[in-house]
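Shown next, in structure tokens, is the structure this report addresses.
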Amino acid sequence: MKVTKTQLRQIIKEELLKEMGLGAMTAINLLQDVMEQIAPVINAAYDRLSDPESQQTFASFLGKNIGVITRQWEEERSAYRYAEEPDEGPGKIGPGFEGWAERNPAATEEE
């Protein structure tokens, strides 16, 4: 029996749904939608670079920036999740990526 990529994806989603529950699948689907929106922007920027050295620098900084953004996002989520503020109870969920570039200008520097 031959399985297509689409069929394989569906099987994987169904198995994840069984194991992780509906909330996890909603999160996975949302993240997949976000990544599908971001990838074309990254690819278009990369394609505008004409020489291999610039492309290599772009790829390197892309990986580093994603790592920085991910760590900052996790730290902010962790800090907000456990922080208590006078007018708000525990478990407050704070902002996502708002202002990350201002907090880390090195992540957006160009060479």
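Just so you know, these numbers come straight off a predicted model, no measurement behind them. For the numbers below, each heavy atom of this structure counts, side chains included, while hydrogens, waters and symmetry mates do not.
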Q) How far does CD1 of Ile42 sit from CE of Met35, to the nearest 0.5 angstrom? A)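 Atom-to-atom, Ile42:CD1 and Met35:CE are 6.5 Å apart.
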Q) Atom OG1 in Thr70, atom CG in Asn65: separation rounded to 0.5 Å? A)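 Answer rounded to 0.5 Å: 10.0 Å.
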Q.
So, using side-chain hydrogen bond (donor to acceptor under 3.5 Å, both in side chains) as the criterion, who are the partners of Thr6 when residues are at least two apart?
A.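 Applying side-chain hydrogen bond (donor to acceptor under 3.5 Å, both in side chains) to Thr6 gives none.
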Q) side-chain hydrogen bond (donor to acceptor under 3.5 Å, both in side chains) with Gln56: which residues, sequence neighbours excluded? A)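 For Gln56 there are no side-chain hydrogen bond (donor to acceptor under 3.5 Å, both in side chains) partners, ignoring immediate neighbours.
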Taking only residues two or more places apart in sequence, or in another chain, which ones meet [X] in a side-chain contact (heavy atoms from CB on, under 4.5 Å)?
X	result
Gln10	Glu14
Ser60	Lys64
Glu36	Gln32, Asp33

Q: Kindly work out whether a path of hydrophobic side-chain contacts (I/L/V/M/F/W/Y, heavy atoms less than 4.5 Å apart) joins Leu62 to Val34.
A: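 Same hydrophobic cluster.
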(Q) Quick one, Lys5 and Leu8 - any side-chain contact, counting heavy atoms below 4.5 Å? (A)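 In short, these two side chains do not touch, never coming nearer than 4.5 Å.
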Please tabulate, for side-chain N and O atoms in residues 47-54, each donor-acceptor pair with protein atoms closer than 3.5 Å (sequence neighbours left out).
{"from": "Asp51", "atom 1": "OD1", "to": "Ser54", "atom 2": "OG", "distance (Å)": "2.8"}
{"from": "Asp51", "atom 1": "OD2", "to": "Glu53", "atom 2": "N", "distance (Å)": "3.3"}
{"from": "Asp51", "atom 1": "OD2", "to": "Ser54", "atom 2": "N", "distance (Å)": "3.0"}
{"from": "Asp51", "atom 1": "OD2", "to": "Ser54", "atom 2": "OG", "distance (Å)": "3.2"}

